[in-house]
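Working notes for the structure below.
All values below come from the heavy atoms of this structure, side chains included, with hydrogens, waters and symmetry mates left out. In each ligand, atom 1 is the first atom listed, and ligand 1 is the first ligand listed. Quick note: residue numbers are just sequence positions, from 1.
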Amino acid sequence: MSSSYKPSRYVSRSRLKVSFEFFPPKTEEMEATLWDSIERLAPLNPAFVSVTYGAGGSTRERTHSTVARIIKETSLKPAAHLTCVAATKEQVDEVIRDYWAAGVRHIVALRGDPVGGVGTRYESHPGGYEGSPELVAGIKAIGDFEVSVSAYPEKHPESGSIDTDIEMLKRKVDAGATRAITQFFFDNDVYLRYLDRARDAGITIPIVPGIVPVQNFKQTAGFAARTGASVPDWLARRFEGLENDPATRKLIAAAVAAEQALDLVDRGVTDFHFYTMNRADLVYAICHLLGMRPQEAGVSAVAA
Ligand code: FAD
């Protein structure tokens, strides 16, 4: 990653498009945190905000009620995540139809982790969708949804090679996906190399980088190990000795993610997907550093 900080990095804000990912809250306290975050980030006028779907459909109701509330109380466009693991086609189709009835028009379609957890063999449900391309086709058959899918610049842990991953992405595009969102990564060269290979394979849809602000280094490193994302030594060194210093950790986290995003902007990237972990402060700061400012319409985006 280049380390020079040039004024040219102040790109026109109108060129940048951001989206924010949240997870459905489990408790009233978490719900309050989520809504504070949505309120704080809404004025940045994101292209969409997405809400994850718990492993094996464990958050089915909570994901639904969160996206339904976003539709009812804000002018934000929600995207509902959906997985097809451990469910029959009928069950998945019912969720899709319920999303449509609630006014959702964008789904992030995923296969989901194996029932036995990451690292175990994936078995599709005997009466279910075989995998993500089939799920994408199933969604498109039910309604004219916008469908986003995943992409893995460092390959998915189950994949033999990057080429296998790109073939899977191509199948998802052929089934109707119009945007891919990447697993988080810290080395921009890895992402840009993946982008080149996807373009060489004839994939033309946007492949939006997923950016994770490192709120807690140990947790992020553990998550990265499970998802096949690598954590460079330089990143570990930046958080060294800060285990009991959350305030400094936060400043470093904002600086690291802003540096990564600004470098991508320098290299022509205009769309970003932020994994917010339901917290607004870091993401808001990073977007500010990217040149984004609250917009009038956005300020009133969240209804009282
Ligand atoms: P796919 O794109 O279908 O497959 C990924 C790779 O795995 C493929 O390239 C292929 O090479 C390999 N592969 C797939 N199936 C097989 C197989 N049967 N045998 C061998 N190799 C295979 N998980 C959730 O539970 N809920 C969420 O809301 C959620 N949101 C996510 C959002 C994003 C942007 C990303 C990147 C991931 C998300 N995940 C979520 C995680 C995702 O469900 C897991 O990574 C899962 O293991 C793969 O699902 P997928 O649709 O990404 O896989």
Side-chain angles (χ1 to χ4, degrees), residues 19-25 48-60 62-64 66-67 78-87 92 95 99 104 106-126 128-139 147-177 179-185 190-191 194 197-198 201 203 205-212 223-229 271-278:
S19 50
F20 304 128
E21 183 171 308
F22 301 103
F23 62 86
F48 64 91
V49 294
S50 80
V51 181
T52 60
Y53 194 74
S58 56
T59 66
R60 176 177 165 161
R62 280 186 283 129
T63 300
H64 185 97
T66 306
V67 290
H81 291 219
L82 176 63
T83 66
C84 58
V85 59
V92 174
V95 177
Y99 281 153
V104 176
H106 182 176
I107 293 180
V108 182
L110 305 137
R111 185 201 70 180
D113 284 330
V115 178
V118 177
T120 64
R121 201 180 134 73
Y122 183 82
E123 305 271 2
S124 54
H125 190 288
Y129 286 105
E130 177 76 27
S132 52
E134 293 75 15
L135 175 62
V136 173
I139 293 167
V147 180
S148 296
V149 292
S150 62
Y152 296 88
E154 296 184 85
K155 86 178 184 57
H156 185 274
E158 286 172 49
S159 278
S161 67
I162 296 273
D163 286 339
T164 325
D165 261 76
I166 288 175
E167 272 165 38
M168 179 62 95
L169 180 56
K170 181 87 168 56
R171 286 182 55 207
K172 294 191 281 193
V173 175
D174 291 345
R179 175 191 298 95
I181 301 168
T182 76
Q183 183 58 276
F184 67 83
F185 58 90
V190 167
Y191 163 74
Y194 177 86
R197 289 171 80 160
I203 297 169
I205 61 165
I207 301 177
V208 181
I211 305 288
V212 68
F223 190 62
R226 286 197 300 283
T227 57
D271 294 12
F272 294 90
H273 184 76
F274 288 99
Y275 294 105
T276 69
M277 313 292 175
N278 290 7

Would a distance-only check, ignoring hydrogens and angles, find a side-chain to backbone donor-acceptor pair under 3.5 Å from [X] to [Y]?
{"X": "Asn278", "Y": "Phe23", "answer": "yes"}
{"X": "Thr182", "Y": "Gly210", "answer": "yes"}
{"X": "Thr63", "Y": "Thr52", "answer": "yes"}

| message | Using the ring-ring contact (aromatic ring centres under 6.0 Å, His included) criterion, which residues pair with Tyr194? Sequence neighbours excluded. | response | none
| task | Start with the C-alpha gap between Val85 and Val115, add the side-chain angles, then the distance that decides, and say whether side chain to side chain contact (heavy atoms under 4.5 Å, CB included) holds. | result | CA-CA 7 Å; Val85 59; Val115 178; 3.9 Å; yes
| message | Applying the side chain to side chain donor-acceptor pair (under 3.5 Å) criterion to His106, which one of Ser148, Ser50, Ser19 satisfies it? | response | Ser148
| request: Taking only heavy atoms of the protein into account, state which residues are under 4.0 angstrom from an atom of ligand 1, in chain and number order. | output: Thr52, Tyr53, Ala55, His81, Thr83, Leu110, Arg111, Gly112, Asp113, Ser132, Ser150, Tyr152, His156, Glu158, Ser159, Thr164, Asp165, Met168, Lys172, Ile181, Gln183, Tyr275
